[in-house]
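Single-structure report; data block below.
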Amino acid sequence: MAPKIFIDGEHGTTGLQIRQRLAERRDLQMLSIPEAERRNAAMREDMLNSADIAILCLPDDASIEAAKMTEGNNSVRLLDASTAFRVDPDWAYGFAEMDKAQADRIKAARHVSNPGCYPTGAIGLIRPLRAAGIIPDGYPVSVNAVSGYTGGGKAMIAQMEDASREDHIASPNFVYGLTLKHKHVPEMKVHGLLDRAPLFSPSVGRFPQGMIVQVPLFLEDLKGGQTVETIHKVLVEHYAGQSIVDVVPLDVSARLPRVDAVELAGKDTMKLFVFGTPGQPHVNLVALLDNLGKGASGAAVQNMDLMLAA
Ligand SMILES: NC(=O)C1=CN([C@@H]2O[C@H](COP(=O)(O)OP(=O)(O)OC[C@H]3O[C@@H](n4cnc5c(N)ncnc54)[C@H](OP(=O)(O)O)[C@@H]3O)[C@@H](O)[C@H]2O)C=CC1
Ligand SMILES: CC(=O)N[C@@H](CCC(=O)OP(=O)(O)O)C(=O)O
């Protein structure tokens with residue numbers, strides 16, 4: 001029998017993109033509720049408890065409510081796209097490439113949390129260097145990023161696209177999260193293996209999908225006499241043997257005049273770059289992804305497939 005999949009929040013931004021990715025899949029049985037009933041708690045509870053895997057594409061509070069609705073049901077497995085469970089030790093963190101054992105943890109888990117879009121880039125860059133002892137304890141990590149506006153879900157899409165709204169955003173590019181308390185900071189710290197919270201400054205650009213995450217580092221404050229080449233080598237070795245995260249060769253990145261935020265829009269992969277000039281004191285680590293691809297819906301499908309492979 002084909003496994004039954006229910007996407008709670010299937011009519012939202014992330015949910016819709018998961019549905020599109022699964023549209024041609026004949027190996028799955030999709031459970032669904034009509035859009036008009038999307039907030040009907042009784043129908044959701046019934047679907048959640050009928051599924052083999054329920055993918056939650058909801059705000060945090062609704063995800064927590066959905067998890068409660070399935071308490072005591074030992075057959076449904078949950079894959080949550082919200083921030084609610086990403087640092088909960090009872091939930092497997094759904095970033096399969098972050099270390100060699102993670103795909104097996106996801107396969108075996110009842111509950112999997114899908115990573116945030118910005119943390120996918122930040123952790124992808126930072127974790128291998130922390131695991132290798134290159135970023136020392138106490139190092140002050142900064143993360144600067146720009147996201148496509150679909151990252152803000154239906155509400156921000158409407159604000160960016162509908163000029164007749166009172167809350168319309170006309171800006172081509174804005175920095176936000178100005179209190180420096182963004183909800184992704186705990187996740188970056190825990191899964192980036194950091195002992196200090198990173199300073200995270202996000203921004204949004206007037207393009208629907210795409211993302212650049214930057215982590216600049218001062219070489220002389222790292223452990224072990226690091227260079228552009230040694231840092232690049234650690235990332236290449238960390239991501240060897242898989243096809244989702246691509247570490248761009250140094251001779252390619254050295255020739256690039258710019259990195260385009262929308263290059264991977266519509267794709268479920270991520271590119272990592274190490275920029276810098278040999279002999280100079282700095283490197284800039286850059287992750288390029290689609291906030292709705294490897295940053296959300298693409299990662300959710302990848303995690304669902306791992307869970308089904310168990
Ligand atoms: N967009 C992105 O790039 C990313 C999003 N995420 C996360 O994924 C989750 C979904 O985000 P996104 O798709 O962008 O959000 P959207 O606002 O686009 O979609 C959310 C959907 O959930 C529905 N919903 C809201 N509250 C409830 C409720 N109490 N019961 C049932 N349904 C409800 C909404 O219905 P209604 O239309 O009535 O509000 C809507 O259909 C969030 O936790 C978000 O943080 C994660 C990574 C990236
Ligand atoms: C542009 C924008 O508003 N982005 C969202 C994060 C999108 C994302 O990754 O969402 P979750 O962590 O909630 O899953 C934000 O900054 O809150």
Side-chain angles (χ1 to χ4, degrees), residues 6-20 32-48 54-69 79-87 93-95 113-123 143 145-161 169 171 173-188 191 200-213 261 265-266 268 289-301 303:
F6 173 56
I7 305 170
D8 199 357
E10 64 184 300
H11 305 288
T13 312
T14 309
L16 270 174
Q17 288 235 351
I18 296 174
R19 272 194 0 188
Q20 283 166 9
S32 182
I33 32 184
E35 185 166 8
E37 300 294 342
R38 66 187 179 280
R39 284 173 179 258
N40 181 324
M43 282 178 93
R44 289 174 52 226
E45 182 160 2
D46 182 38
M47 288 295 172
L48 285 164
I55 308 179
L56 312 178
C57 297
L58 303 162
D60 288 15
D61 53 351
S63 273
I64 292 165
E65 178 195 54
K68 285 218 174 75
M69 286 175 175
L79 170 55
D80 178 39
S82 85
T83 319
F85 300 107
R86 294 187 189 144
V87 295
Y93 192 63
F95 187 174
S113 61
N114 211 50
C117 46
Y118 296 117
T120 301
I123 294 162
V143 179
V146 61
S147 172
Y149 61 81
T150 55
K154 284 166 84 172
M156 186 176 283
I157 294 169
Q159 279 182 289
M160 293 293 279
E161 293 183 351
I169 301 172
S171 171
N173 181 202
F174 59 91
V175 177
Y176 69 107
L178 304 176
T179 56
L180 304 182
K181 291 191 304 192
H182 194 277
K183 62 182 180 176
H184 287 173
V185 170
E187 182 184 350
M188 289 182 191
H191 300 293
F200 174 45
S201 178
S203 65
V204 166
R206 182 165 289 287
F207 51 90
Q209 291 175 230
M211 174 166 284
I212 293 175
V213 181
D268 294 340
L289 63 154
D290 180 346
N291 57 293
L292 282 175
K294 183 61 175 165
S297 309
V301 172
N303 285 321

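Atoms within a ligand are numbered from 1 in the order they appear, just like the ligands themselves. Everything numeric in this text was worked out from a predicted model, so none of it was measured.
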Specify the protein heavy atom at minimum distance from [atom]: its residue, its atom name, and the distance to 0.1 Å.
| atom | answer |
| --- | --- |
| atom 46 (C) of ligand 1 | Ala81 O, 3.4 Å |
| atom 13 (O) of ligand 1 | Thr14 N, 2.8 Å |
| atom 39 (O) of ligand 1 | Arg39 NH2, 3.0 Å |
| atom 45 (O) of ligand 1 | Lys183 NZ, 3.6 Å |
| atom 23 (C) of ligand 1 | Leu58 CD2, 4.2 Å |
| atom 29 (N) of ligand 1 | Ala62 CB, 3.5 Å |
| atom 41 (O) of ligand 1 | Gly12 N, 3.3 Å |
| atom 16 (P) of ligand 1 | Lys154 N, 3.7 Å |

Hey, which residues fall under 4.0 Å of ligand 2 on heavy atoms?
Ala81, Thr83, Arg86, Gly116, Cys117, Tyr118, Ser147, Gly151, Gly152, Met156, Tyr176, His182, Lys183, His184, Val204
Look only at the side chain of [X] and the backbone of [Y], and say whether a donor-acceptor pair between them is shorter than 3.5 Å.
| X | Y | result |
| --- | --- | --- |
| Asp60 | Ser82 | no |
| Glu10 | Ile33 | yes |
| Arg86 | Asn114 | yes |
| Glu187 | Gly116 | yes |

Can you name the side chain to side chain donor-acceptor pair (under 3.5 Å) partners of Asp46, sequence neighbours left out?
none
Measure the CG-CZ distance between Asn173 and Arg206 for me, rounded to the nearest 0.5 Å.
10.5 Å
Euclidean distance, His11 NE2 relative to Ser32 OG, rounded to 0.5 Å
5.5 Å
Using a strict 4.0 Å cut-off to heavy atoms of [X], name the atoms of ligand 1 that fall inside it.
| X | result |
| --- | --- |
| Asn291 | 3 (O), 48 (C) |
| Leu292 | 1 (N), 2 (C), 3 (O) |
| Gly295 | 47 (C), 48 (C) |
| His11 | 41 (O) |
| Thr150 | 1 (N), 2 (C), 3 (O) |

Holding to salt bridge (Lys or Arg N to Asp or Glu O under 4.0 Å), I want the full list of residues that pass it with Asp8, two or more places apart in sequence or in another chain.
Arg44
If I compare all heavy atoms of [X] with all of [Y], which pair ends up nearest, and what's the gap?
| X | Y | answer |
| --- | --- | --- |
| Ser297 | Ile18 | CB-CG1, 3.6 Å |
| Pro115 | Gly94 | CD-O, 3.2 Å |
| Gln209 | Gly266 | NE2-N, 4.0 Å |
| Ala296 | Thr14 | CB-CG2, 4.0 Å |

Does Arg44 reach ligand 1, in the sense of a heavy atom lying below 4.0 Å from it?
yes
Does Gly116 reach ligand 1, in the sense of a heavy atom lying below 4.0 Å from it?
no
Quick one: does Lys183's side chain get under 4.5 Å of Phe200's, heavy atoms only?
no
Could you tell me whether the side chain of Val301 reaches within less than 4.5 Å of the side chain of Asp268, counting heavy atoms only?
no
Contact check: Glu65 vs ligand 1, nitrogen or oxygen atoms, below 3.5 angstrom
no
Could you say whether the N/O atoms of Arg38 and ligand 1 ever approach to under 3.5 Å?
yes
Options Cys57, Gly153, Gly9, ranked by nearest heavy atom to atom 20 (C) of ligand 1, top entry
Cys57
Sequence neighbours excluded and cut-off under 3.5 Å, please list the side-chain donor-acceptor pairs for residues 149-157, or say none.
from: Tyr149; atom 1: OH; to: Glu161; atom 2: OE2; distance (Å): 2.6
from: Thr150; atom 1: OG1; to: Pro208; atom 2: O; distance (Å): 2.7
from: Thr150; atom 1: OG1; to: Asn291; atom 2: ND2; distance (Å): 2.9

